[in-house]
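Structure first, then comments.
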Amino acid sequence: MTKGFAAALVLACAWLAPAAEAKPPKPGGPVAGMREPGPAPNPVAEEMSRYTAPGPHHRELEAFAGSWTTRMLVRDGPDARPLEFAGSAEYRMILGGRFLQLESRMLVNGVENHGLGLYGYDAFKEKYSCYYIHDGETQALVGLGDRDSTGTAITFEVAMDMPVTGERGKPIRAVLRRVSDHRHVFEMFEKYMDGREWKVLEITYDRAR
């Protein structure tokens, strides 16, 4: 641990620590009813709050909260006919509004598939974040992304291992696209050898009525 990081951690802990219990004034102290000067501004605490408190980007993610029905299309090749699976999903904000948690269930070949995901916004990196795991895989998908110029889609860059082909850290483009208040779509794209893309996965979410 570097000295600079340790110092910042100590200052942050001091800022987050609960205030000491108030003690009665000593004889000869301030007259009852008079206010003593407040604590001096703490520039370190103010700077830390910029990166630790939820902000407008987190409130935008909160719009996804609720129950949804899902339809997933999966292709195992660029020219393959997509396989379709139905399911459901639940989004809720956690950890004081800092992260959006996704819990999904889908029936695949008669077996229920259960997945967990997190979306967030890293105020220091100024990037959206995503993390996804499910019970059909031991690999966690992790990505950072940016909102597009229209403000309706977030594109994440994800590195994904491909055990079948032996590829490690293959670049995958994932897109979370808001269609309306009642529909959004999650897509994943893989690249050909020449750089062209094909859509591997598409999940359409419709808000449950």
Side-chain angles (χ1 to χ4, degrees), residues 1-20 38-68 70 89-104 115-134 137 139-161 169-189 197 201-205 207:
M1 180 182 292
T2 64
K3 292 182 179 180
F5 179 79
L9 184 60
V10 170
L11 288 170
C13 290
W15 168 54
L16 293 170
N42 185 336
V44 174
E46 293 177 0
E47 182 68 11
M48 286 289 291
S49 69
R50 291 177 53 193
Y51 307 118
T52 58
H57 297 87
H58 303 91
R59 289 189 286 275
E60 289 174 3
L61 291 174
E62 190 174 0
F64 291 99
S67 300
W68 303 76
T70 63
E90 185 81 23
Y91 288 97
R92 66 187 184 94
M93 296 301 292
I94 62 171
L95 302 179
R98 291 171 175 82
F99 293 93
L100 175 69
Q101 177 181 286
L102 163 66
E103 185 169 2
S104 65
L116 293 173
L118 289 175
Y119 290 103
Y121 181 78
D122 189 320
F124 183 72
K125 293 185 176 71
E126 296 186 336
K127 296 276 187 180
Y128 289 90
S129 59
C130 68
Y131 182 92
Y132 187 77
I133 54 176
H134 66 94
E137 174 67 81
Q139 179 180 186
L141 297 183
V142 182
L144 291 175
D146 296 294
R147 187 179 290 278
D148 69 1
S149 59
T150 68
T152 60
I154 303 171
T155 299
F156 299 94
E157 298 299 327
V158 179
M160 187 174 181
D161 295 333
K170 183 170 186 175
I172 298 292
R173 187 170 68 93
V175 180
L176 178 65
R177 180 165 47 86
R178 185 172 179 270
V179 180
S180 70
D181 290 343
H182 303 291
R183 173 174 288 187
H184 62 278
V185 178
F186 179 80
E187 301 164 305
M188 293 182 70
F189 299 86
E197 287 187 326
L201 174 76
E202 177 183 300
I203 306 176
T204 300
Y205 296 77
R207 194 178 290 277

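Throughout, residue positions are numbered sequentially from 1 according to the sequence presented. Remember, predicted model here, so these are calculated numbers, not experimental data. Any value given below was found using the heavy atoms of this structure, including those in side chains, with hydrogens, waters and symmetry copies removed.
Taking the six-membered ring where the residue is Trp, Trp68 and Tyr205 present perpendicular rings, their angle passing 60° and hence far from 30°. Ring geometry, His58 versus Tyr121: the interplanar angle exceeds 60°, so the pair is classed perpendicular (tilted spans 30 to 60°). Under the 30°/60° scheme for interplanar angles, the aromatic rings of Phe156 and Tyr119 are found to be tilted.
In this structure, Glu103 does not pair ionically with Arg92, as no charged nitrogen and carboxylate oxygen lie closer than 4.0 Å. Salt-bridge annotation for Glu197 and Arg173: present, with a side-chain N of the basic residue lying under 4.0 Å from a carboxylate O of the acidic one.
Formation of a donor-acceptor pair under 3.5 Å by the Glu157 side chain with backbone atoms of Leu144 is not found in this model. No side-chain donor-acceptor contact under 3.5 Å links His134 to the backbone of Leu116.
Within a 6.0 Å radius of CZ in Arg183, no more than 12 heavy atoms belonging to other residues, nucleotides or ligands are found.
A distance of 8.0 Å separates CD in Glu187 from OG1 in Thr204, rounded to the nearest 0.5 Å. Between the CD1 atom in Ile94 and the CG atom in Leu118 there is a gap of 5.0 Å [rounded to 0.5 Å]. Rounding to the nearest 0.5 Å places NE2 of His184 at 10.5 Å from CD1 of Ile154. To the nearest 0.5 Å, the span separating OH on Tyr132 from CE on Met188 amounts to 10.0 Å. The CG atom of Asp146 sits 3.5 Å away from atom NZ of Lys127, with the distance rounded to the nearest 0.5 Å. Ile203 CD1 to Ser104 OG: the interatomic distance, rounded to the nearest 0.5 Å, is 7.0 Å.
Using a 4.5 Å heavy-atom cutoff, the side chains of Asp148 and Thr155 are not in contact.
Residues passing the ring pair (Phe, Tyr, Trp, His ring centres under 6.0 Å) test with Phe99: none are found, sequence neighbours excluded. With sequence neighbours left out, Tyr51 forms a ring pair (Phe, Tyr, Trp, His ring centres under 6.0 Å) with Phe124. Arg178 is linked by a salt bridge (charged side-chain N to carboxylate O under 4.0 Å, His left out) to Asp181, counting only residues two or more places apart in sequence or in another chain.
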- request: Kindly determine whether Tyr128 and His57 satisfy side chain to side chain contact (heavy atoms under 4.5 Å, CB included), including the steps that lead there.
  value: CA-CA 9 Å; Tyr128 289 90; His57 297 87; 3.1 Å; yes
- prompt: Yes or no on side chain to side chain contact (heavy atoms under 4.5 Å, CB included) for Leu102 and Phe64, after CA distance, side-chain angles and deciding distance?
  reply: CA-CA 9 Å; Leu102 163 66; Phe64 291 99; over 6 Å; no
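Annotation for Ile172 and Met160: closest pair CG1-CB, 3.7 Å, computed over non-hydrogen atoms. Across Pro54 and Gly96, no two heavy atoms sit closer than the pair CG-O, 3.4 Å. Minimum interatomic distance between Leu61 and Leu100 (heavy atoms only, all atoms of both residues): O-CD2, 3.5 Å. Of all non-hydrogen atoms in Asp161 and Gln139, the two that sit nearest each other are N-OE1, 2.7 Å. Across every non-hydrogen atom of Val158 and Gly143, the tightest pair is CG2-CA, 4.1 Å. For Thr152 against Thr150, the heavy-atom pair with the smallest separation is OG1-OG1, 2.8 Å.
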